[in-house]
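The block underneath contains the structure these notes are about, expressed in structure tokens.
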Amino acid sequence: MVETGRILVVDDDETVRDVVRRYLEAGGLQVEIAGDGAEALRAFALRPPDLVVLDVMMPGLNGLEVCRRLRQVSSVPVVLLTALGEEENRIAGLELGADDYVTKPFSPRELVLRVASVLRRARLPAAEPGPAEVADGNLRLRPGARSATLNGTELPLTAREFDLLAFFLAHPRIAFSRSDLLEKVWGWDFGDQSTVTVHVRRLREKIESEPAKPVRIATVWGVGYRYDPTGVIAS
């Protein structure tokens, strides 16, 4: 693994924390651990990490509430740890702004690869410079700064939401299936396609004037999604 950075691992199970810590450190990452949600928020406030690995089912302040509070102050990447049967919690976590998830019981190697993938995506523009700005009418995206504005107001995009929007703007008027988007935006050869559905829904809520009647991100029935510019995309 070539990624470096500080990872905050949050889980109430000491064995899980230890296994995850050892594998991440073996991959070259620095690791800080927290045993519950309150401790995680304190650690984050003192020294924000580059990524958070966050267990959903914890007593007291659970992972979903921690994720919600983190999203109020930061766009730091979040990878959730969820139980195999917790689809509702996975969807809820993605809707709150989590970037990825791994289901328990999980392979520590898979978790390390997912963490590396999310970190790499968050840092991608630094390694692959592109146009300084891409604009579609009142929507403007600056790849190098990983920022986007609508009517001059900064959009609070997570790393995955930014990647998805950048991909759509780079490929207007082309229909992509959810599996296509998983591969091209998430870098997954397989995975839960509801991840794409949730991210599209969240992105619509941020860039569409009427998310229930989207103008820019159209649903192509039987296929997936297509980005329809409101004007001419310029870079």
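Since this is a predicted model, take the numbers as computed values, not measurements.
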R21 side-chain N/O to L24 backbone N/O, donor-acceptor pair under 3.5 Å | no
Find the distance between CD (E183) and OG (S177) and round it off to the nearest 0.5 Å.
-> 9.0 Å
Could you state whether L61 and V73 fall into the same hydrophobic cluster, counting links through intermediate Ile, Leu, Val, Met, Phe, Trp or Tyr residues with side-chain heavy atoms under 4.5 angstrom apart?
-> yes
Shortest non-hydrogen contact between N62 and V56, atoms and distance | CB-O, 3.4 Å
Stepwise side chain to side chain contact (heavy atoms under 4.5 Å, CB included) check, S75 with F162 | CA-CA 11 Å; S75 60; F162 182 91; over 6 Å; no
Flag the pair K104 and D13 as a salt bridge only when some basic side-chain nitrogen lies within less than 4.0 angstrom of an acidic carboxylate oxygen.
-> no
In short, side chain to side chain donor-acceptor pair (under 3.5 Å) pairs touching residues 42-51 with sequence neighbours left out are none
Within 6.0 Å of CZ in R109, more than 12 heavy atoms from elsewhere | no
Can any side-chain N or O of R204 pair as donor or acceptor with the backbone N or O of P211 at less than 3.5 Å?
-> no
Would you give the length of the straight line joining atom CZ of R114 to atom CG of D99, rounded to the nearest 0.5 angstrom?
-> 12.5 Å
Interatomic distance, H199 atom NE2 to L157 atom CG [nearest 0.5 angstrom] | 10.5 Å
Main-chain N/O of P48 paired to R6 side chain as donor or acceptor, under 3.5 Å = yes
So do V10 and M58 actually touch side chain to side chain, heavy atoms under 4.5 Å?
-> yes
Output the distance between atom CD (E39) and atom CD (E32), rounded to the nearest 0.5 Å.
-> 8.0 Å
Step by step, work out the side chain to side chain contact (heavy atoms under 4.5 Å, CB included) result for V102 and V53.
-> CA-CA 10 Å; V102 176; V53 174; over 6 Å; no
Are V223 and V200 joined in one hydrophobic group, where the rule is that I, L, V, M, F, W and Y side chains link up if heavy atoms are under 4.5 Å apart?
-> no
State yes or no: do I174 and I217 share one hydrophobic cluster built from I, L, V, M, F, W and Y residues joined by side-chain heavy-atom distances below 4.5 Å, directly or via other members?
-> yes
Rounded to the nearest 0.5 Å, how far apart are CZ of F106 and OG1 of T82?
-> 10.5 Å
List the steps, then state whether side chain to side chain contact (heavy atoms under 4.5 Å, CB included) holds for D163 with R146.
-> CA-CA 9 Å; D163 292 340; R146 289 192 69 82; 3.0 Å; yes
Could you tell me whether the side chain of R142 and the main chain of V134 form a donor-acceptor pair under 3.5 Å?
-> no
Heavy-atom closest contact (P108 atom, V19 atom, distance) | CG-CG1, 3.7 Å
Between H171 and F176, what is the ring plane arrangement, given parallel below 30°, perpendicular above 60°, and tilted in between?
-> perpendicular
Counting only heavy atoms not in E14, do more than 12 fall under 6.0 Å of its CD?
-> no
Rounding to 0.5 Å, atoms CZ (R201) and OG1 (T197) come to a distance of 7.5 Å
Is the closest side-chain heavy-atom distance between L139 and L155 below 4.5 Å?
-> yes
Is a side-chain donor or acceptor of R178 paired with a backbone partner of V196 at a separation under 3.5 angstrom?
-> no
Any sub-3.5 Å donor-acceptor pair from D136's side-chain atoms to T230's backbone N or O?
-> yes
Other ILVMFWY residues reachable from V215 by side-chain steps of under 4.5 Å = none
